[in-house]
*Asks:* 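Could you have a look at this structure, given as structure tokens, before my questions?
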Amino acid sequence: MAGEREPVRAALDLEAERIAEALVFASAEPVSEAFLLERLPRGVDVRAVMARLVRLYAGRGVNLVRVEDRWAFRTAADLSFVIRRDETESRKLSRAALEVLAIIAYHQPVTRAEIEEIRGVQTSRGTLDVLMEAGWVRFRGRRRTPGRPVTLGTTPRFLDHFGLEEIRDLPGLEELKGAGLLSGRIPPDFRIPVPVSADDLSEDEDPITQLDLEELGLLTPGGGEGE
Amino acid sequence: MAGEREPVRAALDLEAERIAEALVFASAEPVSEAFLLERLPRGVDVRAVMARLVRLYAGRGVNLVRVEDRWAFRTAADLSFVIRRDETESRKLSRAALEVLAIIAYHQPVTRAEIEEIRGVQTSRGTLDVLMEAGWVRFRGRRRTPGRPVTLGTTPRFLDHFGLEEIRDLPGLEELKGAGLLSGRIPPDFRIPVPVSADDLSEDEDPITQLDLEELGLLTPGGGEGE
Amino acid sequence: MAGDISQSATPMDRLWQDSEARGTTEPALVIDVGGFEGPLDLLLHLARTQKVDLARISVLALAEQYLQFVESARRVRIELAADYLVMAAWLAYLKSKLLIPQQVRQDDGPTGEEMAATLAFRLKRLEAMREAATRLVNRNRLGRDVFARGAPEHIPERNGASFEANLYDLLHAYANLRQRQAVTQVTIERRKVWSLVEARELLTTMLGEISDWTALQHYLLDYLPPADRVTATASAFAASLELVREGKLEIRQEGAFQAIYMRRGPGRPGGATGE
């Protein structure tokens, strides 16, 4: 019996703490005492509750802090080295990038000109760069046609990120329709290609050589194919 | 030696707890163990750290929960009454969508044809789309059978949303499996009902007699599934 | 409208009344056939009115109830979706099998009892999924009962990728793009013609279950609105020829203008089921 406070009182206090804790945690903004008071059991001393919580969290990785006259949880200041706020926050892929990535996935091996033909707009340089940087797209080879355009394809990392075992697992026309992603009202000659395995070059492709990469200005140390 | 851990060890453990706590607390999405491991002091057992934290927060207003191999802080379910926000229930699932979701969850990996077989009706366009958009359902891959149909399954987000640690925790999963109700075939011990002839209805059966649908106002223009 | 259900409720009244308790989000007016999620749903609903364990329902009584329902709908000229009609045809067939005294057992095809068991199993499985769905939706849900950190401080990147995108985003973008580029916006008017594809689907569905000689069209046509019969006959016939060619169907006819009998052929049927 550690109790100076009677058991009923102690239970009430714990309940008040739990509620305050949950409210502050779930709120998008620091929470005012008035807000808490409204939701805490009647007759509870908000100040006292918050003071107890401050002590409870004092040594933890997360602290309860007062910002002006509002309350918020913040990760402990001494742990900022693990939180590393400067770290590149994950960015959402732009719609253009998503489109280009999808075209490369479905239509590979595909040239840049072909991508533009499918999209009907020019692809800005940065878009492909982003996809390359993410490690999802790579140069596959060169098409054996005039001008020997470079062909693009996806990487194993792409499969990994999007949870596909192989590129052929991408859903086809019927499945996209079935999932409601494509409307039923598409022309009868509408086709979705069955993606060609990312690994083997197709008949009209030549492998990319060292020379090509240099020419493309892409021979960055450690870049290229990677592991 | 059931006793105290050595002081150094204890300090390291506390530090690991604090870091893990801060990292998980900082994020709204579940944080993977791999991510934690990368940032914890070398040689720390992540699972053990998390287990201690789970216990520590068990009685509090905010709990540490596991979703597959990820961790997240969530407000305690019993406090729903104080924090519950009604306006968040904007996306109400249709009955069809909910049913499809349950079938996907319990039968995964499952093809669309199988879902339709179970429900006895075509899945209208948009139903799957809604579930995918919510991030609960995803294309998993393809069945290694003729035609290679695409299979569907649930996502970690589904588990997180419905408060499940893993798929095995789906309510009633074992019983349903045991009863053979998650299979495409009739279980061998499924009781074959003895058909009674039409003339002798059993006691608790009412024959449906003269149905005056007009009177019931059943005259609705072309019901049906529609899309 | 569904509000005033008196004690003198007819069975049908009670039937609809029950549907209110189905936990639907739709308004109380469930009289519309569209309120049912297909024929199996309707059957399940009828089965519940028998108020016994699903494994012990009288499939025969159920079939009759269903057929009467379809019959009544037809009388008041309600258009039922093809799914419902196929089910009616199937049940009519099942009924005939159940009522005809057991003949010497032939090797081909399930007996009436086996078909009845299949139906009972499907109903039970559907009901189980319904219950599972209810339990699922009533769990403490994130964003409704349970909450995440309201003010996240930092979102750790997933598996080291610094770009966020999931498969759904990808497919969504692709489908949208391709659709936009598919310039010809074809608007297909809803015709009163049964396409070959439709007819083929219907036949395959039914044939998946039926493996002895049946005058299938006879069952099917019985349940079609008169206006649809000609087109349905033509399409079903054409589709059946196609199925014969593929070895999925066998056809027999005693003589000119006689009934056409069909049964499942040696080829793999439709592939609607399968593990």
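Fair warning: this is a prediction, and the values are worked out from it, not measured in the lab. Per chain, numbering begins at 1; letters A, B, ... match sequence-line order. Quick note: numbers below take in every heavy atom, side chains included, and nothing from hydrogens, waters or symmetry partners.
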*Asks:* If you compare all heavy atoms of B/Thr154 against all heavy atoms of B/Ala105, which two are closest, and at what distance to 0.1 Å?
*Replies:* CG2-CA, 3.8 Å
*Asks:* Chain B: which of C/Leu40, C/Asp145, C/Thr134, C/Leu126 shares the most heavy-atom pairs with it under 4.5 Å?
*Replies:* C/Asp145
*Asks:* At a 4.5 Å cut-off on heavy atoms, which part of B/Asp78 comes close to chain C: side chain, backbone, both, or neither?
*Replies:* neither
*Asks:* Can we say C/Arg48 and C/Glu127 salt-bridge, meaning some charged N sits less than 4.0 Å from an Asp/Glu carboxylate O?
*Replies:*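 Result for this pair is yes, salt bridge flagged.
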*Asks:* Can you tell me how far the CG atom of B/Leu101 sits from the CZ atom of B/Phe158, to the nearest 0.5 Å?
*Replies:* 5.0 Å
*Asks:* Name the region of C/Leu171, side chain, backbone, both or neither, that has any atom closer than 4.5 Å to a heavy atom of chain B.
*Replies:* side chain
*Asks:* Under a 4.5 Å heavy-atom cut-off, does chain C meet the side chain of B/Ala72, its backbone, both or neither?
*Replies:*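 No part of it gets close to chain C.
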*Asks:* Any Lys/Arg nitrogen of C/Lys97 or C/Glu113 sitting under 4.0 Å from an Asp/Glu carboxylate oxygen of the other?
*Replies:* no
*Asks:* For B/Phe162, which atoms come within 4.5 Å of any heavy atom of chain C: side chain, backbone, both, or neither?
*Replies:*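 Interface part for B/Phe162: both.
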*Asks:* Tell me, side chain or backbone of C/Leu167 under 4.5 Å from chain B's heavy atoms, or both, or neither?
*Replies:*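 The side chain, not the backbone.
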*Asks:* Select one option (side chain, backbone, both, neither) describing which atoms of B/Phe25 are under 4.5 Å from chain C's heavy atoms.
*Replies:* both
*Asks:* Is the backbone N or O of B/Pro109 less than 3.5 Å from a side-chain atom of B/Arg143, with the two atoms forming a donor-acceptor pair by type?
*Replies:* yes
*Asks:* Between B/Leu93 and B/Leu131, what is the shortest heavy-atom contact and its length?
*Replies:* CD2-CD2, 4.3 Å
*Asks:* Is any side-chain N of the basic residue among B/Arg112 and B/Glu116 closer than 4.0 Å to the acidic one's carboxylate O?
*Replies:* yes
*Asks:* Counting only heavy atoms closer than 4.5 Å, note whether B/Arg119 contacts chain C via side chain, backbone, both or neither.
*Replies:*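 Its backbone and side chain both get close to chain C.
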*Asks:* Where on B/Ala77 is there a heavy atom nearer than 4.5 Å to chain C: the side chain, the backbone, both, or neither?
*Replies:*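 Its backbone and side chain both get close to chain C.
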*Asks:* Tell me which of these, B/Asn63, B/Thr75, B/Val100, has more heavy-atom pairs under 4.5 Å with chain C than the rest.
*Replies:*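 Most pairs with chain C among the choices: B/Thr75.
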*Asks:* Check B/Ile83, B/Leu79, B/Val62 against C/Phe147 for a side chain to side chain contact (heavy atoms under 4.5 Å, CB included) and give me the one that passes.
*Replies:*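 Running side chain to side chain contact (heavy atoms under 4.5 Å, CB included) over B/Ile83, B/Leu79, B/Val62 with C/Phe147 returns exactly one hit, B/Ile83.
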*Asks:* Do the side-chain N and O atoms of B/Gln108 and B/Thr151 include a donor-acceptor pair separated by under 3.5 angstrom?
*Replies:*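 On atom types as modelled, these side chains do not qualify, holding no pair under 3.5 Å.
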*Asks:* With a 4.5 angstrom heavy-atom cut-off, which part of B/Leu176 approaches chain C: side chain, backbone, both or neither?
*Replies:* side chain
*Asks:* Under a 4.5 Å cutoff for heavy-atom pairs, which residue among B/Thr111, B/Leu170, B/Asp160 has the most contacts with chain C?
*Replies:* B/Asp160
*Asks:* For each of B/Pro171, B/Gly120, B/Ala102, B/Gly163, tally heavy-atom pairs with chain C at distances under 4.5 Å, and name the one with the top tally.
*Replies:* B/Pro171
*Asks:* For C/Arg149, which atoms come within 4.5 Å of any heavy atom of chain B: side chain, backbone, both, or neither?
*Replies:*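 Looking at C/Arg149, backbone and side chain both touch chain B.
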*Asks:* Regarding C/Tyr168 and B/Asp129, do their side chains bring together a donor and an acceptor under 3.5 Å, going by distance alone?
*Replies:* yes
*Asks:* Counting only heavy atoms closer than 4.5 Å, note whether B/Leu182 contacts chain C via side chain, backbone, both or neither.
*Replies:* side chain
